Protein chains: 2
Amino acid sequence: MAKAMTEDSLAEAIAYELRREILRGNLPPGAPIKERDNAERQGVSRTPMREAIRILAKEGLVQLRPLRSPVVADPSLSEIIDQIRVLHALELLSGELACEKASDDEIARIGSLKDRIENIYGEADTLDVFELDMQFHSAIVAASHNAALAETHGAYMARLWRARYLSARRRLSRDRVLRQHKAIHAALARRDANAIKAEIAAHLGAMIANIEDHFREAGNDERG
Amino acid sequence: MAKAMTEDSLAEAIAYELRREILRGNLPPGAPIKERDNAERQGVSRTPMREAIRILAKEGLVQLRPLRSPVVADPSLSEIIDQIRVLHALELLSGELACEKASDDEIARIGSLKDRIENIYGEADTLDVFELDMQFHSAIVAASHNAALAETHGAYMARLWRARYLSARRRLSRDRVLRQHKAIHAALARRDANAIKAEIAAHLGAMIANIEDHFREAGNDERG
DNA sequence: CTTGCGAACTTGGTATACCAGACCAGCTAC
DNA sequence: GTAGCTGGTCTGGTATACCAAGTTCGCAAG
């Protein structure tokens, strides 16, 4: 994964790094993100750090509280499921639109992403697999040729990154995920809107099941 | 509409005022939003003004450009339709969930909002009607008991406020809008998910038609 | 008259300093 | 011993100063 230090602004670069810290778990849910401390640690001033925190807050990874330190978001199971439901609706729309508007090149690219994920799944760093998986889904969204949809979908993917990370670590889900990716790509290649919607529903349903399992196992230590 | 000067931060209050300026048309699409000038005009420093601009940018009302002044967003017809498609998907989900989860009280409140809109439609200030209409739709979303959905839906409502404003000024659409509101409420009262989805689809379809008409009439003066 | 170069101004980006409110610890008075 | 106040300290919020990059306009040379 390429570094993102070439971002337009410092704030975005900081947000990128902070995001990875959060998703990797170095900054666990509930941890405070103090403007001063973090700014000093990363060697920047508070201004861009502040803006970076706002970016992550808008994405839902960080929770702002009036007159308190922002904290890493610690969504409950029900909140995560709510978010997945929205993501689901967005992906259904993108699947439908993609069947209608995707170019053959775009479909081919989606297919090659599917193949790459198959090849590295279970071998490479989980976070890297994730960025590929995100590219797979984002490519479908991009193929729908709807900028607003792409933007909102991207925000939800980032917001659910941690949940998806936890979900994907469940080994039993591996084959299912790969099979579903294949089915989604096949439906898109046939431009079969109903089929792709069904496959996407199954894909998201599996994700919910995984996350429910995770919460059940991990115990609901002071969660809601 | 009550003032929002009681917001947590100055930036949010500025964002609120700026948003109204944009939606009222005092700041027309394409107008530059210079940090220094606007900050001075409103008597604040650049810092909160900057943050306010970022808030509006995230909402899509303002467009940020690297190394250029931000400008009031001037979406093309196709971009607006793309956004409405997303809004449509969100409202379908909210209608479906609301049928399942809404309390009787919530449904009653939605009904009373519908009645209030009927009563003042065409008489009160258009912007006020709009905030009521927004409350009607937001109440349905709230009744779906999905915080993420509510948040994203609210962002799209704000983003499309101007387009909806232009759409609703078309007198011919008045009766249709009121009838559709009534049908949506009735379907919700029956908890008929399929019916509410059909009605919402019609509602959004009418909105697209109105906006297409507007663009056709207004001429595509240097629009994309 | 045209064209190329450069300086000044305008812009957003960043750093720093200051402010006010909230929280906490320790002391004091009952 | 405990409850309540009070000072210090930590926090985010705001203002301001500085910087670098881009645009523009004017002047001079051809």
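As the structure is a prediction and not an experimental result, all values here were calculated from the model. Below, read A as the first sequence line, B as the second, and so on, with proteins coming before strands; counting in each chain starts at 1.
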From the list [options], which nucleotide is the closest neighbour of the side chain of [X]?
X	options	answer
Leu10(A)	dA15(D), dG12(D), dA15(C)	dA15(C)
Arg50(B)	dT16(C), dT14(D), dG13(C)	dG13(C)
Pro48(A)	dG12(C), dG12(D), dA15(C)	dA15(C)
Arg36(A)	dC19(D), dC19(C), dG22(D)	dC19(C)

Separation of [N] [atom2] from [X] [atom1] (nearest whole Å):
X	N	atom1	atom2	value
Asp37(A)	dG12(D)	CG	C1'	12 Å
Lys34(A)	dG12(D)	NZ	C1'	12 Å
Glu40(B)	dT14(D)	CD	C1'	16 Å
Ile53(B)	dT11(C)	CD1	P	12 Å
Glu51(B)	dG12(D)	CD	P	13 Å
Met49(B)	dT16(D)	CE	P	14 Å
Glu12(A)	dG13(C)	CD	C1'	12 Å
Ile14(B)	dG13(D)	CD1	P	13 Å

Do any side-chain nitrogens or oxygens of [X] fall under 4.0 Å of OP1 or OP2 in [N]?
X	N	answer
Arg54(B)	dG13(C)	yes
Thr47(A)	dT14(C)	no
Ser69(A)	dC10(D)	no

- Between Glu151(A) and Gln83(B), is any pair of side-chain heavy atoms under 4.5 Å apart? no

- Task: Using a 4.5 Å cut-off on heavy atoms from C-beta on, say whether the side chain of Ile211(B) contacts that of Ile81(B).
- Result: no

- Query: Base, sugar-phosphate, or nothing: which does Ile33(B) touch, judged by heavy atoms less than 4.0 Å apart?
  - Reply: sugar-phosphate

- Message: For the backbone of Glu21(B) and the side chain of Asn26(B), can you confirm whether one donor and one acceptor N or O come within less than 3.5 Å of each other?
- Response: no

- Query: Is the closest basic N to carboxylate O distance between Arg159(A) and Glu79(A) below 4.0 Å?
  - Reply: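 Between Glu79(A) and Arg159(A) there is no salt bridge, as every charged N stays at least 4.0 Å from the carboxylate O atoms.
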
- Item | Distance-only donor-acceptor test (3.5 Å): side chain Arg65(B), base dG12(C) |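 By the distance-only test, no, there is no pair.
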
- Query: On DNA chain D, nearest-nucleotide positions of Glu35(A) versus Arg68(B): which is more 5'?
  - Reply: Glu35(A)

- Query: Considering the options His88(B), His137(B), His185(B), which one meets the ring pair (Phe, Tyr, Trp, His ring centres under 6.0 Å) requirement together with His203(B)?
  - Reply: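 Among the candidates, only His137(B) passes.
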
